[in-house]
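Only one structure is covered here, and it is reproduced in the block below.
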Amino acid sequence: MTKVPVEFTLNTREQNEFVETGSTLLSALRDRLGLYGTKAGCHQGTCGACTVIIDGEPHLSCLTLAERCQGKDVTTLEGLAPAGALHPLQQAFMDGFAAQCGFCTPGMILAAKCLLDRNPDPTRDEVVDAISGNICRCTGYEPIIAAILTAAQGMRKPARKRA
Amino acid sequence: MSVTLSAAKQARLVPAVQAKGGRIIAGGTLIVADLNYGADSVALITLDRLGFDKIAVKGGKVTLGAMVTMAAVARDRRLKFLHPVANSIGGPAVRAMATIGGNLFAPAPYGDMTAALLTLDAEITLHDGKATRKLPIETFLAQRRKLQKHCVVSISFAAPSAGTFHYVKVVRRKPVSASVVTIAAVIPQKAGKIKDARIALGAMAANAIRARKAEAALEGRKLGNDIIATAAKLIAAEASPADDAYATAWYRREIAPVHFVRLLAA
Amino acid sequence: MTRKRGRGMAAVNYPTGMNLGGDPSQALIHATTTGSFVVTLSSVDLGQGLKTVMAQICAETLGVPTDNVIIDTADTDTGPHCMGTFASRGTHRIGNAIIMAAKEARAVMLEVAAEELEVDAGDLVTDGAGAIHVKGSPQKSISIFNVALAAHFKHGKSISGRGIFLQPRSYPEPETGKMTPATCYAHACTVAEVEVDTETGEVAVLSLKSAYEVGRALNPRMVEQQIIGGAWMGISHALYETTEPYYPDRAHGPVDFNQYLMPGPGDLPEFANVVIERPAADGPFGAKGVGEMTANSPIPAIANAIFDAVGVRVDSLPITPEKVLRGIRALNA
Amino acid sequence: MEYRKDYFTGTQTQDLTEVGVTRQRSDVLGHVTGKTQYYADRQFAGLLHLKMVRSPHHHARIKSIDVAKALKVPGVVRILTAKDVPQNIYTILCLIQVEPNDEPVLAFDKVRFKGEQIVAVLAESEAAARDAAAKVKIVYEVLPAVFDVEEALKPGAPLVNEYHGRNYFTYEGHHCRRVRYGDVERAFAKADHVVEEMYQSSPIEHAPTETTGCIVVPDQNDRYTCYSNTQALYFTLDNTALILNSPFQKLRLVGGTVGGGFGGKVDVITEPIAFLAAMLTKRPVKYEYSREEEMQVSSPRAAERIYIKDGLMKDGRITARKVTLYVDAGAYSRHSPYGTTKAAAHMPGPYTIPNVWVDCHCVYTNRTPSSAMRGFGVTIGDFALEVQMDKLARLIGMDPMEFRILNAYRDGDMKAHQKQVEGAALVECVQAAADLARWPLCDRSKTASSLKREV
């Protein structure tokens with residue numbers, strides 16, 4: 001196995017890694033960096049459990065070659081909020097009982113974050129679209145959709161106050 | 001298994017790598033899935049440094065670089081007519097990765113953007129190692145396997161006049177799944193008569209195909225329920241759909257006319 | 001475009017625990033020196049929330065806040081035997097084992113408190129907030145923190161308990177099938193409303209309105225999680241899922257989540273749910289197992305609603321658009 | 001979610017403080033922060049990856065297995081075949097006296113379904129294990145296969161599983177699990193209507209977002225720890241010890257946090273071979289199903305075929321129900337003999353019917369063995385029963401809700417398996433659902449109660 005260097009930003013910190021050529025970002029995050037918040041559900045890009053944010057957009061880390069992350073800005077669930085704090089989406093998923101087994105939760109939250117970053121006032125259909133690549137087998141999606149809408153509402157409130 | 005990855009510095013150098021078994025990796029949604037299944041050793045080549053991720057719209061002519069993603073199309077205000085197409089492909093993560101160039105090679109029941117580009121009579125610019133060539137998309141699709149050895153540079157087409165482009169993708173899971181039937185159509189009218197109608201079908205053959213018999217039925221006629229119904233009967237005449245996990249060939253043939261009628265009558 | 005609506009209903013029951021019993025589970029409980037309680041199990045949480053409900057059951061029995069209970073599972077070096085998490089048995093079987101263990105631990109805790117307060121243990125009650133006091137005299141009180149410290153360092157007593165629950169195995173009579181499959185059953189009834197596209201056979205589930213009798217909802221939001229998730233799976237079984245789309249032909253078996261069809265977040269109906277409680281005589285605080293049942297009533301309710309809408313009976317699962325369309329064609333032939 | 005406290009008033013304990021109230025899930029903070037530790041969220045130095053060579057045929061004789069080329073693949077550490085497994089033939093429910101052992105851990109003489117595991121390859125990387133697995137050469141003689149439950153029971157059908165000697169599981173001398181109560185034939189003769197219908201389902205996958213898998217790690221003192229997402233630690237531990245002829249105390253299972261189960265992780269497939277591999281190599285071994293394996297090789301919910309024949313009176317009473325049910329167990333028993341009995345116990349549904357006849361067959365075919373899934377033995381039966389009930393109600397022009405209430409079991413009624421009904425609540429569920437859906441009921445149905453049968 002050949003190894004190549006990759007420099008990227010991971011959860012706001014500079015990361016320099018040697019990765020095996022042809023290996024995926026998913027493998028780098030889990031097997032090399034111990035960031036287990038990114039889940040492996042299918043290795044085929046069909047379940048969304050491995051979703052991470054690259055340069056502001058959701059990406060499937062199982063289909064992303066690690067060495068192509070050179071110079072990119074990668075966010076995983078571990079980087080969503082400062083230690084000890086919760087992002088409004090995390091709080092809304094908790095309050096809304098939107099997680100059961102929890103395996104899809106990291107991908108769901110990151111997919112939702114990409115939506116809310118672009119569109120702070122989404123419709124239900126836009127929320128549905130945002131998580132359309134993420135499989136959940138436990139919840140029936142309804143609590144997840146509700147939690148994302150709740151989080152969006154909560155995130156808009158302070159902005160309105162300022163305005 | 002060993003995988004190597006290199007970034008092409010010029011499009012003309014790509015076919016030589018391909019000739020030795022190398023493969024272009026665009027968004028990676030198809031090829032990395034294959035690698036994860038355990039593909040053999042392969043030299044991957046990216047087009048990341050070639051500036052193929054540009055969208056140009058000039059005088060009604062649209063040029064999409066091969067590396068333009070579905071998400072980029074879906075965000076471009078100049079390409080509103082293509083937004084429903086781009087947004088019907090995968091979830092947002094797939095759209096952020098999957099490219100126009102890659103979609104040209106997606107096997108059925110994938111390849112919805114290609115069906116749309118087929119109705120737009122797009123022209124594919126590719127580099128064969130010696131020179132760039134331009135091929136009509138239909139010719140390109142007919143030789144798709146062979147042309148995997150060339151480097152797709154861009155896809156160009158004339159933006160359709162307002163209201164003439166129609167698109168529907170029938171799915172088994174909402175909002176998105178692979179296609180049961182995809183129908184894209186450009187139905188221009190001149191002096192109240194249909195002129196140069198183009199209809200393409202996705203998931204109705206190994207790759208996107210034109211429905212020429214249905215097109216012919218529309219040609220020169222006034223768009224109305226009767227003529228739509230007549231064309232609908234011919235919509236799957238040239239199709240050779242497959243059975244798969246989503247639907248049978250029978251079902252695809254049965255519902256293609258229904259959705260064609262709904263698409264144009266709407 | 002023709003879309004026809006219909007509604008249908010179905011009613012079901014579901015046994016709690018392994019069929020025919022014979023499926024024990026154990027629990028061990030001990031107090032830490034500072035009055036937290038550790039419940040040691042080898043039971044598995046699949047996501048239904050077993051760890052949370054077990055802590056609640058333990059807390060209720062001990063008379064302490066749920067936050068004071070630590071669930072230590074699942075390690076076979078430390079956890080006593082559990083048959084496993086399946087057959088809607090977890091809440092019932094493990095819950096009962098925990099109650100038994102917690103009662104034993106509570107008795108020791110009250111004995112120690114009685115010695116400390118110099119009263120009769122029979123006169124003591126827990127306040128549920130971390131203290132023990134004499135019935136009717138809240139001022140005559142001792143914190144569980146101090147009870148636990150005293151038990152360890154002064155009295156040399158282990159505040160602990162052992163619990164097991166076993167529904168004895170029933171052996172069916174081979175000739176007649178006489179048997180005791182289960183001791184309690186949960187119940188459900190679902191009304192489904194659907195819209196059927198008569199030209200494509202596609203079915204949209206518009207609403208699922210259900211009543212569930214669960215014995216006792218130990219954690220209402222978590223019961224609701226099972227209900228919504230289960231109802232979704234019911235839709236999925238009714239209209240989408242199979243590993244063999246052309247059974248018994250083995251062709252075209254799905255290998256990923258693109259091909260394996262399940263309702264997406266855009267396929268959800270309106271959910272409305274009512275919960276009824278008829279406590280089970282042998283259930284922990286009356287609870288029955290409900291996790292599995294919640295998927296069952298929506299399936300036939302949807303099938304019946306489709307018939308109500310378009311007069312087509314599809315008696316094979318899943319009820320795909322193709323089967324519905326073929327049925328409509330046959331009606332019109 | 002709304003409570004209907006007006007049913008069964010006075011039966012609920014009132015003074016509870018910790019149960020009956022919503023408490024936040026204790027695991028949810030871990031879920032939303034990605035800190036919840038699933039079995040695979042661990043690193044071990046020297047981890048080996050296990051990949052299986054699987055049967056490409058539905059039914060075939062294995063003529064030869066050649067692993068020479070596979071062993072030469074760089075990174076391959078060891079290759080296991082059936083002869084490495086101490087007690088290769090097992091059945092998971094031997095722990096509750098289900099016999100006979102009928103399934104090989106690794107197939108050796110025959111394969112009985114497509115995807116059956118034959119050879120385990122252990123390598124330093126997943127890629128190397130996969131490469132080597134592709135280089136194992138197995139020569140097969142393809143045999144005729146059977147895929148239909150009723151075809152499988154016909155004389156002359158290909159024999160799927162020699163350990164049973166016939167294509168069905170034997171229940172104490174009977175070819176099926178039976179329930180006999182009253183006299184259905186007499187009741188059919190007297191019924192106003194006799195309705196017989198057939199229902200069918202296809203196999204269904206559990207599809208947990210986390211696939212089945214485990215990591216086995218050699219500890220100190222010749223003990224082995226398995227981090228697993230099994231739904232039943234002791235099923236796994238006990239079966240593994242039996243398969244490996246190992247003292248039970250050598251094995252330790254750690255789990256308890258699972259990315260969805262739904263019954264799919266009750267089987268014991270990945271752990272025994274991973275334990276064996278760790279014992280033979282003295283290195284940590286991971287065996288995890290790919291998504292494709294999870295979908296096509298792991299046990300699905302069985303396909304069932306159900307015939308229901310009912311005797312019905314014009315006034316709505318069901319006087320007889322005869323059920324013939326076939327569970328498509330696939331090639332091996334796994335949990336299907338148990339599930340088939342559960343299906344028999346469930347009949348004739350939550351209704352009081354004086355004459356009941358049930359035959360539930362556990363049938364072997366050359367498809368992926370089926371096993372437990374949410375609603376095991378009941379879900380498909382309920383589909384058949386409740387569609388049948390709808391047909392019966394429509395046949396006599398009776399409201400389907402009122403038809404359910406009329407026939408619903410009440411406390412004190414006798415069930416077909418000769419157990420008296422206790423704690424019934426079907427009537428009330430129907431009433432509450434009717435209310436919720438604004439479905440009008442007649443007064444008689446509104447005042448009906450599970451506590452007693454109205455005269």
Side-chain angles (χ1 to χ4, degrees), chain A residues 1 20 22-23 27 29-50 52 62 76-81 83-87 89-110 134-139 147 151, chain D residues 1 22-45 47 49 74-75 123-128 130-131 204-213 229 231 256-265 286 288-295 373-374:
Chain A
M1 285 286 172
E20 285 168 6
S23 69
S27 163
L29 292 171
R30 289 183 57 84
D31 304 334
R32 293 191 60 82
L33 299 166
L35 290 176
Y36 295 117
T38 306
K39 300 298 172 198
C42 74
H43 298 281
Q44 292 293 307
T46 67
C47 77
C50 70
V52 299
C62 77
T76 68
L77 188 62
E78 290 90 341
L80 194 59
L86 289 177
H87 186 277
L89 275 163
Q90 293 172 311
Q91 191 65 50
F93 270 63
M94 286 178 66
D95 296 345
F97 282 73
Q100 286 188 36
C101 84
F103 204 79
C104 76
T105 308
M108 286 284 182
I109 290 178
L110 292 174
N134 296 70
I135 299 290
C136 172
R137 186 59 160 164
C138 302
T139 66
Chain D
M1 193 174 85
T22 292
R23 296 271 180 231
Q24 183 52 274
R25 295 178 60 110
S26 57
D27 53 5
V28 75
L29 187 60
H31 289 352
V32 302
T33 55
K35 295 284 188 274
T36 299
Q37 191 179 32
Y38 301 84
Y39 91 89
D41 296 339
R42 293 178 169 87
Q43 282 183 11
F44 297 98
L47 182 71
H49 298 266
E124 305 282 354
S125 70
E126 274 186 84
R130 235 182 343 240
D131 281 2
I204 293 174
E205 155 63 11
H206 311 82
T209 45
E210 176 202 44
T211 63
T212 304
N229 58 15
Q231 292 180 225
T257 302
V258 177
F262 312 103
K265 292 166 179 166
K286 182 177 186 180
E288 176 178 62
Y289 278 160
S290 69
R291 182 52 64 184
E292 181 178 13
E293 288 172 321
E294 188 74 37
M295 287 198 171
M373 186 175 177
R374 187 181 204 162

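A, B, ... follow the sequence lines: proteins, then strands. Residue 1 opens every chain. What you are looking at is a predicted structure, and each value in this text was computed from that prediction instead of being measured.
- If you measure heavy-atom distances from C138(A) to chain D, the contacts under 4.5 Å come from both the backbone and the side chain.
- A salt bridge is absent between E205(D) and R137(A); no separation between the charged side-chain nitrogens and carboxylate oxygens falls under 4.0 Å.
- Of the two parts of Q91(A), neither the backbone nor the side chain holds a non-hydrogen atom closer than 4.5 Å to a non-hydrogen atom of chain D.
- Atom CD of Q24(D) and atom CZ of F97(A) lie 4.5 Å apart (nearest 0.5 Å).
- If you tally non-hydrogen atom pairs under 4.5 Å between each of V28(D), T209(D), T36(D) and chain A, the highest count goes to T209(D).
- For L89(A), no part lies near chain D; criterion is any non-hydrogen pair under 4.5 Å.
- Residue A49(A): no heavy atom, backbone or side chain, is found under 4.5 Å from chain D.
- When each of E292(D), H206(D), E294(D) is checked for heavy-atom pairs under 4.5 Å with chain A, H206(D) comes out on top.
- Atom CZ of R130(D) is separated from atom NE2 of H49(D) by 10.0 Å, given to the nearest 0.5 angstrom.
- Looking at Y289(D), neither its backbone nor its side chain comes within 4.5 Å of chain A, counting heavy atoms on both sides.
- For the set T22(D), L47(D), L29(D), T211(D), the entry with the most heavy-atom pairs within less than 4.5 Å of chain A is L29(D).
- With chain A as the partner, the residue from Q37(D), E288(D), R42(D) showing the most heavy-atom pairs under 4.5 Å is R42(D).
- Counting heavy-atom pairs closer than 4.5 Å to chain D, the top residue among P106(A), A99(A), A40(A) is A99(A).
- Using a 4.5 Å cut-off between heavy atoms, Q90(A) touches chain D through backbone and side chain atoms alike.
- Taking 4.5 Å as the limit, every side-chain heavy atom of K39(A) sits out of range of all side-chain heavy atoms of T105(A).
- Ring planes of Y38(D) and H31(D): parallel class, angle under 30° (limits at 30 and 60°).
- Side-chain contact between T38(A) and L77(A) is absent, with no heavy atoms from C-beta onward closer than 4.5 Å.
- In this structure, P208(D) and G259(D) approach most closely via the heavy-atom pair CB-O, 3.5 Å.
- Panel note: side chain K265(D), backbone G260(D); a donor-acceptor pair is recorded below 3.5 Å.
- Proximity to chain D involves both the backbone and the side chain of I135(A), based on heavy atoms less than 4.5 angstrom apart.
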